Amino acid sequence: MSVLLDNLDVLLAGFRLTVALAAVSAVGALLLGTLIAAMRVSPVPALRAAGGTYVNLARNTPLTLMFAIFVFGLPELGIQASFFVRAVLALTVYTAAFVAESVRSGINAVQAGQVEAARAVGMTFGQTLRLVVLPQAFRSVLPPLASVFIALTKNTSVAAGFGITEAVFRMGGLSRDFPTALFPVFLGVAFGFIILVAVIALFFRFLETRLAVVR
Amino acid sequence: MSTSVLYDVPGPKARRRQRTGSIVGGIVLAALLALVVWRLASQGNFSASKWEPFTRSTIIGALAEALLATLQAAVLAIVLALVWGALLAVGRLSDRPWIRIPAILIIEFFRATPVLLLIFFLFFGFSSQFDDFGSIIGLDNLGTLGPLVIALMLYNGSVLAEIFRAGINAVPRGQAEAAYTIGLRKSQVMRIVLIPQAARIMLPAIVSQSVVALKDTALGFIIGYTELLRTGRSVFLNFNNIIPTVIVVAVIYISMCMLLSRLAHWLEGRQARAYGREAVEAAESAVANQ
């Protein structure tokens with residue numbers, strides 16, 4: 001137990017990095033994922049096909065491979081970026097596919113009458129999507145989005161294998177330095193993740209009650 | 001073309017606009033792709049010398065061995081997770097609180113913990129024990145395979161337990177009620193009536209979760225289990241051909257996972273027609289969203 005308290009600053013620094021990775025990637029994945037979902041329901045066949053291909057490829061790629069592509073491959077393209085940026089890119093590209101699938105299922109769940117009414121008053125596809133469909137779609141997919149972002153938070157740990165000193169990386173270091181304290185170190189870091197997961201779940205439940213619409 | 005509710009059936013003008021949109025969008029995407037290919041080509045990534053290693057029988061053999069190692073880890077993890085998940089689900093559905101509550105705690109703990117954290121815990125803490133056990137049963141790579149498989153078992157077992165619970169709850173209530181009425185005990189109701197029906201409802205979800213487990217075996221790379229990615233790394237460190245190697249490894253991984261995903265999708269359609277879409281989707285919704 002004292003190992004945890006003595007190294008609290010190390011662990012907290014690790015978790016700060018975990019939260020930073022998760023937060024930046026979450027924003028990126030939400031934007032990219034929504035764009036991909038819009039492409040998948042658009043009237044333009046080329047965009048539909050491109051969105052579908054993206055989701056199919058990204059969902060069937062192991063996250064570790066995605067990290068390898070961005071961490072080892074990006075410098076080969078002549079793009080110089082810090083480890084943090086490359087990790088965020090890998091997480092964003094990976095998670096966006098899951099966000100896109102959730103948002104698309106939400107778009108499909110919006111009542112047909114809403115869309116028909118929007119079209120009847122002469123809205124274009126973009127207007128229909130932006131003003132009528134997406135605001136309702138996001139509300140209905142808050143629970144699956146919460147689980148996507150929880151998975152993202154846990155997935156940031158893969159960055160530990162590629163030299164990012166986030167929480168799981170610190171756990172590895174501490175358990176090597178203090179082999180006798182393996183259990184407290186493991187449980188301590190696991191507890192940190194459980195708190196993060198609980199915070200995300202509570203935040204989304206709060207959003208749900210806040211944004212609930214009476215039908 | 002199936003008509004979407006999101007936009008009107010295009011008239012001649014809209015059709016023309018959509019065609020331009022398609023062409024412009026296609027050109028933009030193709031240009032992006034071409035830019036990446038050109039950048040790669042200008043660094044000599046498509047020269048024959050960088051791809052030549054993949055024609056050597058030693059490299060092909062090493063990759064095949066690595067593929068087997070990946071599949072070995074995946075199959076072991078899935079089988080063990082099914083057993084562990086079934087046990088947890090039985091505990092979770094028990095009427096006795098002193099069985100149910102520990103089961104809930106175990107399920108929730110391992111669902112909220114990153115798999116890599118579990119792998120590190122088992123690897124740093126028990127690698128030598130795994131090694132010793134491996135030399136007894138004749139598996140020389142158990143020092144890394146063991147932590148990987150056990151961690152995947154613990155995580156996927158928890159998710160599968162939730163899938164099993166959702167599947168059993170998705171069987172129409174009348175089935176269990178009828179079984180109780182003719183005097184069956186709870187264990188009989190489970191064994192004879194609920195589980196055979198639930199198994200079919202949740203088959204697609206189980207296959208979907210297997211894709212997650214298969215993808216996660218790549219985490220073995222981080223602790224040095226010689227699976228596809230680790231072998232790929234040795235190849236590109238030897239021949240200095242990062243991009244070709246990453247492409248080869250990615251194609252193998254993605255085609256494997258896609259095949260399994262297709263199977264899950266096909267099963268989903270089939271079982272949904274037989275047992276009702278809602279029941280199958282209820283089980284599917286418990287699949288880890290990652």
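The shown structure was predicted, so the numbers you read here are calculated from the model rather than taken from an experiment. The chains referred to below are lettered A, B, ... by the order of the sequence lines, with proteins before strands, and numbering in each begins at 1.
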Practice task
Against chain A, label Leu229(B) side chain, backbone, both or neither, depending on which of its atoms sit under 4.5 Å from a heavy atom there.
Solution key: side chain

Problem - Ring center gap for Phe221(B) and Phe162(A) short of 6.0 angstrom - result: yes

Handout entry: Ring-ring centroid check Phe121(B) Phe183(A), cutoff 6.0 Å
Key = yes

Problem - Side-chain (Lys215(B)) to main-chain (Arg59(A)) donor-acceptor, under 3.5 angstrom - result: yes

Completion exercise
Shortest non-hydrogen pair, Val44(A) vs Gln18(B), comes out as CG1-O, 4.1 Å

Handout entry: Toward chain A, the part of Arg111(B) with a non-hydrogen atom under 4.5 Å
Key = backbone

Problem - Max heavy-atom pair count under 4.5 Å with chain B, selected residue of Thr128(A), Val189(A), Leu47(A) - result: Val189(A)

Problem - Nearest-0.5 Å distance that lies between atom CD1 in Ile254(B) and atom CG in Asn60(A) - result: 7.5 Å

Practice task
Verify, without hydrogens or angle tests, whether Ser157(A) (side chain) and Leu116(B) (backbone) share a donor-acceptor contact under 3.5 angstrom.
Solution key: no

Handout entry: Minimal non-hydrogen separation, Tyr253(B) against Pro62(A), with atom names
Key = CD2-CG, 3.5 Å

Handout entry: Per-residue contact mode, Phe123(B) against chain A (heavy atom under 4.5 angstrom)
Key = neither

Completion exercise
Note: Ser22(B) and Pro45(A) closest approach over all heavy atoms is OG-CD, 3.3 Å

Handout entry: For the student: nearest non-hydrogen atoms of Leu6(B) and Val115(A), plus distance
Key = CA-CG1, 3.6 Å

Exercise for the section: Measure Asn108(A) against the heavy atoms of chain B and call it side chain, backbone, both or neither at under 4.5 Å. Expected result: neither

Fill in the blank from the handout: Residue from Gly25(B), Ser261(B), Gly26(B) scoring the most non-hydrogen pairs under 4.5 Å with chain A is Ser261(B)

Exercise for the section: Counting only heavy atoms closer than 4.5 Å, note whether Val36(B) contacts chain A via side chain, backbone, both or neither. Expected result: both

Practice task
State, to 0.1 Å, how close Phe124(B) and Ser175(A) come at their nearest heavy-atom pair, and which atoms those are.
Solution key: CD1-OG, 3.4 Å

Practice task
Can you measure from CG (Leu219(B)) to CG (Leu65(A)) and round to the nearest 0.5 angstrom?
Solution key: 11.5 Å

Practice task
Compare every heavy atom of Leu57(A) with every heavy atom of Met258(B), then report the nearest pair and how far apart it is.
Solution key: CE-CD2, 3.9 Å

Handout entry: Derivation of the side chain to side chain contact (heavy atoms under 4.5 Å, CB included) call for Tyr7(B) and Met123(A)
Key = CA-CA 9 Å; Tyr7(B) 40 85; Met123(A) 287 189 182; over 6 Å; no

Exercise for the section: For this output row, return yes or no: ring centroids of Phe120(B) and Phe186(A) closer than 6.0 angstrom. Expected result: no

Exercise for the section: Answer with side chain, backbone, both or neither: which region of Leu29(B) has an atom nearer than 4.5 Å to a non-hydrogen atom of chain A? Expected result: side chain

Exercise for the section: Can you tell which part of Phe126(B) gets under 4.5 Å to a heavy atom of chain A, answering side chain, backbone, both or neither? Expected result: side chain

Problem - CG on Leu117(B) to CE on Met171(A), rounded to 0.5 Å - result: 5.0 Å

Handout entry: For chain B, the option from Pro143(A), Gly172(A), Gly73(A), Ala167(A) that forms the most heavy-atom pairs under 4.5 Å
Key = Gly172(A)

Exercise for the section: Could you tell me the separation between the CD1 atom of Ile243(B) and the CD atom of Glu76(A), rounded to the nearest 0.5 Å? Expected result: 5.0 Å

Handout entry: chain B-proximal positions within residues 192-204 of chain A [heavy-atom distance under 4.5 Å]
Key = Phe193(A), Ile194(A), Val197(A)

